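Here is the structure we will look at.
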Amino acid sequence: MIDLDNKEETLHHPPGDVEIQNQQDEPREPMLQAAPAIEAGPAPEPAAPAPAPEAPAGGEEEEEVTMSELYEESLRRVQEGEVVRGRIVSLTKDYVMVDIGYKSEGQIPISEFTSPDGEVTAKVGDQVEALLESREDEEGPLMLSKIKASRLKVWEEISYAYHNEGVVEGTITAKVKGGFSVDLGGITAFLPGSQVDLVPVRHPDSLIGQKFTFHVLKFNRKRRNVVLSRRTLLEKAKNEAKATLLATLEEGKVVEGVVKNITDYGIFVDLGGLDGLLHVTDLSYGRIRHPGDLFKVGDTITVKVLSFDKDKERISLGLKQLHPDPWTMVQERYPIGAVVTGKVVSLTDYGAFVELEPGVEGLIHISEMSWTRKIRHPSQILSAGDVVEVKILEVEPQRKRISLSLRQVEPNPWEVIGDKYPVGSVIEGKIKNITDFGIFIGIDEGIDGLVHISDISWTKRFKHPSEIFKKGQTVQAKVLAIDKENERFSLSIKELNPNPWETIDQRYPVGAVVSGPITNITDFGLFVEIEEGIEGLVHISEYSRDKEKTASLKVGEVIRAKVIHCSPQERRIGLSIRRLETEEEQRTYRDYLKGSQEATTSLGDLLRESLGDSESRKNGPK
């Protein structure tokens, strides 16, 4: 953890760096500078000595001593732990040999020049900077380190950046507790999670491997602690951009920004230091379901400044305002009566909206969708995305409304149906629907005719048409009437045959005796079928006087009765069992009386004939 108040860092890095004095908690000292690098090559010659008397014998040995002293003197200027510069002269299996201008060559482990792939990057003749680790002595050769020289240089850059408000570059290498590890060229630093960005990072793993510029928040070389911040640099850049934006922004100006966030009501656009709102109503002149259908976070977008409140730093943006309003030309482009093509963009309970061009939509009301079909919802015939032809009925540019018709693109079939199926003609079609009040027969595309329940049969009695017909059954019917205004087509099935009730009084006159099965027995009487579909009523007052006989009557039993009433207009036939029985009894009695008289007359005649014969015999010839 990092205590920012006490400025104590507890993040410890692994050992291996060259330690120098802590530069954080003590008074600031001049930055540590590397000693001047000694170029490879022959040692500089000493200054020419002043003229002297000739040297005694043995001068060559004194000259050799002087040369050795010069080499020693040049090396004394470079201490262990300082950086020197040299030239690579050769490569061995384990070392890279570097000439730093010393009497012997320095050695750098070849591993410091080996890439992760195992490739040796050192080449003979390359210049290299290295840290002098140890001088040549009886214990070993002159040892150098390129890595430690690089680390020392990085520490100096970090120190400079910390004390002078500078920056350092590094690569995020791993995610650790509370933040990230950053490689600063061999030095591992800590980047707190709160210092990564201006907003919380949603996908932290995506930062690993990326290279950024950082500000040094904390620096403790002795403890090898470095704490970085990227947020401070972003805030600084944002404030600078904000100041520039505030100085140049004005209403009506066209600017470029980046989509920062998308909501249901609009898009927030980063203009560089300040965010502006692009409301959903200012995205397009047409219909927008959701701003996310047009843009995504990170997209670059060009917008127009609609309003700018400098005190509250609020900016309203517009996208559609970059183009002319298409409604200004709709009357010229879409005259009333014209037939145009459009795309269905949405459906409602009361109709369908059709896009005629980007930003211009018209409404097909549900009543203007079909001449013949009963449309309960537009989805019955249309779907979003359908391309349709429509007729312009009305244009209101001020209210941005256009009324359209789908059905008026074609002629009204009700205007010509009368010519095709005149009254009195017979049609044939399939039963489309059966209701309590009748049946519907399909006539033409979208036109159905109704056979009312009263027009199904002259004589048959039924409670529901389904007792006689089935859906899909093909039937014939006669055209009774066509109401074009109310779009009604009346048919009749019973009119295909003559009305049997017109001549019923001729077939069954009053006084005629009929017979038939009992079809129904009610509280007020019983019905007798005298022919198919025609029934007569025997009222209870016309029952037989024989109560036992009356009580034994059953449905289906065949009885005889006398016609006592017949009305073709009322379609009623009154029958009587009682009157028939009375008439038959009277007839039997008359027949009996007539028979008795005939019998009496015949006996008298016989007696008279017999007496006459007897007298004739008495008065015969003598």
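Quick note: numbers below take in every heavy atom, side chains included, and nothing from hydrogens, waters or symmetry partners. Predicted model, so just to flag it, every value in this text is computed and none were measured.
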Report the C-alpha distance between Val216 and Val226 in whole Å, list the side-chain angles of each, state the deciding distance to 0.1 Å, and finish with yes or no for side chain to side chain contact (heavy atoms under 4.5 Å, CB included). CA-CA 7 Å; Val216 181; Val226 180; 4.3 Å; yes
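- A salt bridge does not link Asp126 with Lys123: none of the charged nitrogens is closer than 4.0 Å to a carboxylate oxygen.
- In this structure, Gln195 and Leu191 have side chains that are in contact, with non-hydrogen atoms separated by less than 4.5 Å.
- Judged by distance alone, with hydrogens and angles left aside, the side-chain atoms of Glu313 form no donor-acceptor pair with the main-chain N or O of Asp309 at under 3.5 Å.
- Considering only heavy atoms from C-beta on, Leu393 stays 4.5 Å or farther from Leu404 through its side chain.
- The line from CD of Glu396 to OG of Ser403 is 6.5 Å long, rounded to the nearest 0.5 Å.
- Asp205 is listed as a side-chain neighbour of Lys175, based on a closest heavy-atom distance under 4.5 Å.
- One distance of note links NZ of Lys320 with CG of Leu306; it measures 9.5 Å at 0.5 Å rounding.
- Asp275 is not listed as a side-chain neighbour of Ile315, based on a closest heavy-atom distance of 4.5 Å or more.
- Checked by atom type and distance alone, the side chain of His279 pairs as donor or acceptor with a backbone atom of Thr281 at under 3.5 Å.
- Side-chain contact between Val390 and Ser405: absent, with no pair of heavy atoms (C-beta onward) separated by less than 4.5 Å.
- Residues Phe308 and Leu246 form a side-chain contact, since some pair of their non-hydrogen atoms from C-beta on lies under 4.5 Å apart.
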Before you tell me yes or no, could you show the steps for Leu207 and Phe212 under side chain to side chain contact (heavy atoms under 4.5 Å, CB included), namely the whole-Å CA-CA distance, both residues' side-chain angles and the distance that decides it to 0.1 Å? CA-CA 10 Å; Leu207 299 176; Phe212 298 103; 4.2 Å; yes
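- The two residues Val360 and Pro326 make their nearest non-hydrogen contact at CG2-CB, 3.7 Å.
- By the 6.0 Å contact criterion, OH on Tyr95 is open, its count of non-hydrogen atoms from other residues, nucleotides or ligands being 12 or less.
- With a 6.0 Å cutoff to the six-membered ring centre and a 45° limit on the axis angle, Arg230 does not count as a cation-pi contact of Phe214.
- Side-chain contact of Tyr285 with Gln321: a donor-acceptor pair under 3.5 Å is absent, judged by distance alone.
- The side chain to side chain contact (heavy atoms under 4.5 Å, CB included) check on Val89 picks up Arg87, Met97, Asp99, Glu105, with sequence neighbours excluded.
- Evaluated for a side-chain contact (heavy atoms from CB on, under 4.5 Å) with Leu228, the options Leu184, Leu217, Val167 yield exactly one hit, Leu184.
- Using cut-offs of 30° and 60° on the angle between ring planes, the pair Tyr162 and Phe219 is tilted.
- At distances below 3.5 Å, not a single donor-acceptor pair connects side-chain atoms of Asp282 with backbone N or O atoms of Leu278.
- In this structure, a donor-acceptor pair under 3.5 Å is present between the side chains of His215 and Glu165.
- Taking CG from Leu249 and NZ from Lys310, the interatomic distance works out to 9.5 Å, rounded to the nearest 0.5 Å.
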Lys343 and Glu355: CA distance, side-chain angles, deciding distance, salt bridge (Lys or Arg N to Asp or Glu O under 4.0 Å) verdict: CA-CA 5 Å; Lys343 181 179 180 182; Glu355 184 183 57; over 6 Å; no
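- Checking side-chain atoms of Gln380 against main-chain N and O of His377 turns up a donor-acceptor pair under 3.5 Å.
- Atoms CG and OG1, from Leu356 and Thr341 in turn, are 9.5 Å apart once rounded to the nearest 0.5 Å.
- One distance of note links CD1 of Ile262 with CD1 of Ile267; it measures 5.0 Å at 0.5 Å rounding.
- Put simply, the side chain of Asn239 never gets that close to the backbone of Lys236: no donor and acceptor are under 3.5 Å apart.
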Give the C-alpha distance, both sets of side-chain angles, the deciding distance and a yes or no for side chain to side chain contact (heavy atoms under 4.5 Å, CB included) between Ile288 and Leu294. CA-CA 9 Å; Ile288 301 296; Leu294 299 180; 3.6 Å; yes
Side chain to side chain contact (heavy atoms under 4.5 Å, CB included) between Ile402 and Glu361, worked out: CA-CA 7 Å; Ile402 298 179; Glu361 294 179 5; over 6 Å; no
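- Without hydrogens or angle criteria, Trp327 side chain to Arg399 main chain gives no donor-acceptor distance under 3.5 Å.
- Thr173 pairs in a side-chain contact (heavy atoms from CB on, under 4.5 Å) with only one of the listed residues (Ile208, Val182, Asp183), which is Asp183.
- In this structure, the separation between NZ on Lys253 and CG on Leu271 is 10.0 Å, given to the nearest 0.5 Å.
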